[in-house]
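Okay, so here's the structure we're looking at.
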2 protein chains.
Amino acid sequence: MALEHAILVSLAEKTASGYDLARRFDASIGHFWKASHQQIYKVLGRMESDKWVESHLVAQDNRPDKKVYSITNEGRDELMRWSSVPTPIEPLRSEFAVKLRGTQFGDREAVLADVRVRRAAHEAQIAYYEASAQRHYPEPASLREDELGAYLVLRGGILAEQTGMAWCDEILQAFEAER
Amino acid sequence: MALEHAILVSLAEKTASGYDLARRFDASIGHFWKASHQQIYKVLGRMESDKWVESHLVAQDNRPDKKVYSITNEGRDELMRWSSVPTPIEPLRSEFAVKLRGTQFGDREAVLADVRVRRAAHEAQIAYYEASAQRHYPEPASLREDELGAYLVLRGGILAEQTGMAWCDEILQAFEAER
DNA sequence: CCTGACATGTAACGAGTTACATGATTGA
DNA sequence: TCAATCATGTAACTCGTTACATGTCAGG
């Protein structure tokens with residue numbers, strides 16, 4: 001399972017509570033791997049049994065206690081082992097593609113409206129990613145070693161969104177040409 | 001669930017047995033939505049209870065009987081209804097991105113080897129898709145209405161694979177530059 | 001005789017989502 | 001007083017995968 005490894009990577013960067021991790025999975029890491037807090041707590045429990053992480057309670061003023069997790073040496077070993085195994089190639093999976101394929105059996109105008117909404121969403125996401133790149137990595141030619149991975153992932157996000165937008169444009173053009 | 005609708009689209013094009021559908025999900029439709037035969041039989045059962053499809057047994061010579069499914073009017077109505085509801089935007093989900101992000105905690109050379117394998121896989125997939133496009137849609141400027149959806153989905157596949165390959169190239173370059 | 005294509009399922013499990021459950025503090 | 005943020009979980013359910021289960025026929 002990749003969620004465990006996503007958590008290990010996140011904890012290797014910085015210790016965190018389940019709540020902190022849930023917020024990270026809403027932002028940075030969450031751009032390519034989503035997880036709900038419920039699932040995170042569940043998996044953290046299993047990971048602690050497996051000794052990949054350990055926790056200690058931290059009391060706070062005016063706030064609930066929190067359980068701060070950190071990665072163990074066994075966790076670091078597992079990360080090393082996992083990184084050396086080839087990643088299975090994930091097949092594409094797109095409900096939108098199914099719908100596009102079946103346009104002739106559906107509401108053509110609604111599908112086109114959907115394409116326009118998706119195009120706008122891709123556009124917004126590109127703007128967001130590019131602002132993020134500008135802010136965190138203004139000089140991509142001289143990145144620190146520990147920044148490279150996150151930067152390349154961001155680049156992957158930008159490329160994917162640009163492609164999504166280009167696809168929407170092609171679909172709109174094809175449908176307009178046909179009219 | 002989209003599998004039900006993928007099956008509806010497939011049956012709207014042509015009646016099929018569970019076995020036939022499983023083969024279609026290994027090829028054309030399967031390029032953007034995978035399903036095992038076990039899952040298909042399970043879902044077909046539910047869809048028949050819901051009256052979206054109906055089946056009749058067909059005896060064959062020298063072969064086992066088969067249950068041929070066809071879409072009902074209710075099934076067509078459902079397809080129309082579904083097509084008019086906006087498709088939820090599927091967030092990216094990539095174990096490979098997690099691994100890339102965590103390269104500093106792993107085996108850098110193994111990750112790079114993985115990138116090269118993935119690049120080759122994208123390249124092969126592009127060749128496959130382009131041959132398919134050439135064979136089925138030699139003249140994209142003049143497509144029949146019932147071909148347009150499948151053609152555009154194929155285009156989406158080509159664009160996605162090209163992007164995947166471009167990303168791999170960027171990763172390889174960045175790691176080589178750093179050395 | 002053995003493999004592969006044809007044909008249809010069940011059972012057990014794992015991953016992930018949705019709904020439920022609780023409780024403190026801060027600011028509008 | 002009401003909503004938002006902080007903080008941690010359980011329970012029920014759905015979707016999908018893997019393993020198991022069975023049997024025919026054609027071709028090498």
Do the rings of A:Y129 and A:H31 sit parallel, tilted or perpendicular, given the 30° and 60° boundaries?
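The rings of A:Y129 and A:H31 stand perpendicular, inter-plane angle above 60°.
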Whichever of A:W33 and B:H37 has its nearest DNA chain C nucleotide further upstream toward 5'
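Looking at DNA chain C, the more 5' nearest nucleotide goes with B:H37.
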Would you kindly compare B:Q60 and A:A2 by the position of their nearest DNA chain C nucleotide and give the one closer to the 5′ end?
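Closest to the 5' end, via its nearest nucleotide, is B:Q60.
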Contact under 4.0 Å: [X] side-chain N or O vs [N] OP1/OP2:
X	N	result
A:R23	D:dC6	yes
A:Y41	D:dT8	yes
B:R63	D:dG23	no
A:R46	C:dG14	no
A:S36	C:dT18	no
B:Y19	C:dC6	yes
B:Q39	D:dG16	yes

Do B:E95 and B:K99 sit within salt-bridge range, that is, some charged N less than 4.0 Å from a carboxylate O?
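No.
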Between B:R23 and B:D20, is there a salt bridge with N-O shorter than 4.0 Å?
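A salt bridge links B:D20 with B:R23.
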Verify, without hydrogens or angle tests, whether B:T72 (side chain) and B:E54 (backbone) share a donor-acceptor contact under 3.5 angstrom.
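Not a single qualifying donor-acceptor pair exists.
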Out of [options], which has the shortest distance to the side chain of [X]?
X	options	answer
B:K66	D:dA12, C:dG9, C:dA7	C:dA7
B:D20	C:dG9, D:dT17, C:dA7	C:dA7
B:S17	C:dT8, C:dG16, D:dC20	C:dT8

So what does B:K67 hit on the nucleic acid, given a heavy-atom distance under 4.0 Å: a base, only sugar-phosphate, or nothing?
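Sugar-phosphate, backbone atoms only, no base.
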